[in-house]
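First the structure, in the form of structure tokens, and then the observations on it.
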Amino acid sequence: MAIKYRLIKESRECMARLGVVETPHGNFETPVFMAVGTQATVKTLTREELLALGAEIILGNTYHLWVQPGNSVIREAGGLHAFMNWERPILTDSGGFQVFSLAKLRDIKEEGVRFRHHKSGARLFLSPEKAIEIQNDLGSDIMMAFDECPPYPSSYDYLKESADRTLRWAERCLKAHKNKDRQALFGIVQGGEFEDLRKYSAEELVRMDFDGYAIGGLSVGEPKEIQNRVLAFTTPLLPKNKPRYLMGVGSPGMILDAVERGVDMFDCVLPTRIARHGTAMTVRGRVNIANKEFERDFSPLDPACDCYTCKHYTRAYLRHLFKAGEILGMRLVSIHNIRFLVELTENIRKAIREDRFYEYKEKVYRDYGLHDSDKDF
RNA sequence: GGUGGGGUAGCGAAGUGGCUAAACGCGGUGGACUGUAAAUCCACUCCCUCAGGGUUCGGCAGUUCGAAUCUGUCCCCCACCA
């Protein structure tokens, strides 16, 4: 087995749990937030900056790296770790999300998915076997099964058909996987908002015995209550001795809600994307740092934060960088936002260890001025 | 002093009789972003207010049912020539 999950502690208050995932490139503690580095880079940041802010595991993407520079280039470089100079764990997504996000450019068939390259328009074909082959070349510590991420809302019939196909694809992924001692493979539970479909999907995947299980098809525009409801009835279907990964979630409120319901791993482009667009996550909620109110605000972005940006620069300076279109602004806020979520998970782990998860969750909600009904955070 | 070109919203720049409160770009002000087609996208940006109304296209005076657009005159800017 390429990875091993050690359950350290289960919360006495809820389904939250503390664990360690051991991988060929080192261990990481869970719950964990993983920064997204789609194209073999967490956009704008260097390895040193990621290490300094406490990133333990990052993502790469099968579709993007296949298309550019090509998986053979990365294989020749010695794998993705060597290619991008990141010696810690890497998880690669399978291209399943592109089945969703490139909806206008693709066609789903049983055999696989036809894409038009989002830049060149070239015809491409991605299948479970191909996605595994590419990920084998990338050499990630954790590979994801090739799935379909259906949009919200979708009909019951379509979700059933899609979840069924994703199960057949999961089986094919397992069969195609040739590097089982070096790379783990996670299955992805689908089924939309429907309990019977999620149950069916989860049970079939568990029967196939993956190294870990992801919950997919969430955070695609559904109300927060649906997401929480799906998590509440899905995580109990997953084995306790394997990690559980909620794909695509990265707002503080949603992470807390999901940890409470037994999720261990998260990834999201949110912190880095909104950073490049001038929005910072702070203890008091989101801050659009380019706003005029910060023109002469010479205090740190987030006084409570220990990141490089908050220790060295002011809000007025960050606003100036964004107004002037300077790249450094995007970098500094990206550092802060990732650090913010990494620190959140550090605090969550501490809270679980001390059996005061709810106390911590309520504090975060209160400081943000959030309520359970809020769509965001 | 002469000849030619020109003065349109914060800036640049279209528009040369009614469809024009006036394209478009920049700038400005907000907002969005959740397994990255994203240093992107959306909204507003003459004034007052929700629908509606009120003032505009260097100034003034005209022509016309109607003028940013035509005429006269004045002011200013640019280029070249003396």
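Each chain gets a letter, A, B and so on, in the order the sequences are listed, and its residues count up from 1.
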Give the nucleotide from the list B/U29, B/C33, B/U36 with an atom nearest to the side chain of A/Arg319. B/U29
Taking only the P atom of each, what is the distance from B/A51 to B/C76 in whole angstrom? 44 Å
Assess whether one donor atom and one acceptor atom, taken from the side chain of A/Asp147 and the base of B/G35, lie less than 3.5 Å apart. yes
Residue A/Gln98, side-chain heavy atoms: nucleotide from B/U34, B/A37, B/U29 that is nearest: B/A37
Going from CE on A/Met34 to CE on A/Met265, what distance comes out if it is rounded to the nearest 0.5 angstrom? 4.0 Å
Please pick, from B/G35, B/G30, B/U34, the nucleotide with the shortest atom-to-atom distance to any side-chain atom of A/Asn291. B/G30
Using atom types as modelled and distance alone, determine if a side-chain donor or acceptor of A/Glu204 lies under 3.5 Å from a backbone N or O of A/Tyr200. no
Could you please name the partner base of B/A38, counting Watson-Crick and G-U wobble pairs only when both distances are under 3.5 Å? none
Both conditions, 6.0 Å and 45 degrees, for the charged tip of A/Lys160 above the ring of A/Phe194: are they met here? no
Take A/Met254 and A/Leu246 through the test side-chain contact (heavy atoms from CB on, under 4.5 Å) and record every step on the way to the result. CA-CA 10 Å; A/Met254 288 182 188; A/Leu246 175 57; over 6 Å; no
Which base sits across from B/G10 as a Watson-Crick or G-U pair, both distances under 3.5 Å? B/C26
Considering heavy-atom distances to RNA chain B, does A/Gly325 or A/Met144 have its closest nucleotide positioned more toward the 5' end? A/Met144
Ignoring hydrogens and geometry beyond distance, is a side-chain donor-acceptor pair present between A/Asn136 and A/Asn179 at under 3.5 Å? no
Which one, B/U34, B/A32, B/U36, comes nearest to the side chain of A/Ser219? B/U34
As a test of reading the structure: which of B/A32, B/G35, B/A37 is closest to the side chain of A/Asn288, going by heavy atoms? B/A32
Sugar-phosphate only, base, or nothing, as touched by A/Thr272 at under 4.0 Å among non-hydrogen atoms: base
Show me, pair by pair, the donor-acceptor contacts under 3.5 angstrom made by side chains of residues 268-280 of chain A, not counting sequence neighbours?
{"unit_1": "A/Thr272", "atom_1": "OG1", "unit_2": "A/Val269", "atom_2": "O", "d": "3.0"}
{"unit_1": "A/Arg276", "atom_1": "NE", "unit_2": "A/Thr272", "atom_2": "O", "d": "3.4"}
{"unit_1": "A/Thr279", "atom_1": "OG1", "unit_2": "A/Asn288", "atom_2": "ND2", "d": "2.5"}

Between A/Asn61 and A/Ile327, which has a closest nucleotide on RNA chain B that is more 5'? A/Asn61
Using a distance-only criterion (donor-acceptor N/O pair, under 3.5 Å, no hydrogens), is the base of B/U36 paired with the side chain of A/Ser101? no
Nucleotide nearest A/Ser251 (side chain, heavy atoms from C-beta), chosen from B/G31, B/U34, B/A37: B/U34
Any strand, both distances under 3.5 Å, Watson-Crick or G-U wobble: B/G72 pairs with B/C60
Out of B/C33, B/A37, B/G30, whichever nucleotide has its closest atom nearest the side chain of A/Thr279: B/C33
Between B/C75 and B/G59, how many Å separate the two P atoms, rounded to a whole number? 15 Å
Using the C1' atoms only, state how far B/G25 lies from B/U45, rounded to an integer number of Å. 14 Å
May I ask you to say what A/Ile188 touches in the nucleic acid, namely base, sugar-phosphate or nothing, with a heavy-atom cut-off under 4.0 Å? base
From the set B/A32, B/A37, B/U29, return the single nucleotide nearest to any side-chain atom of A/His277. B/A32
With centres under 5.5 Å and planes under 30° as the test, does A/His64 stack with B/U36? no
Tell me: CE of A/Met254 to C1' of B/G35, nearest whole Å? 14 Å
Can you tell me the Watson-Crick or wobble partner of B/G1, both distances under 3.5 angstrom? B/C81
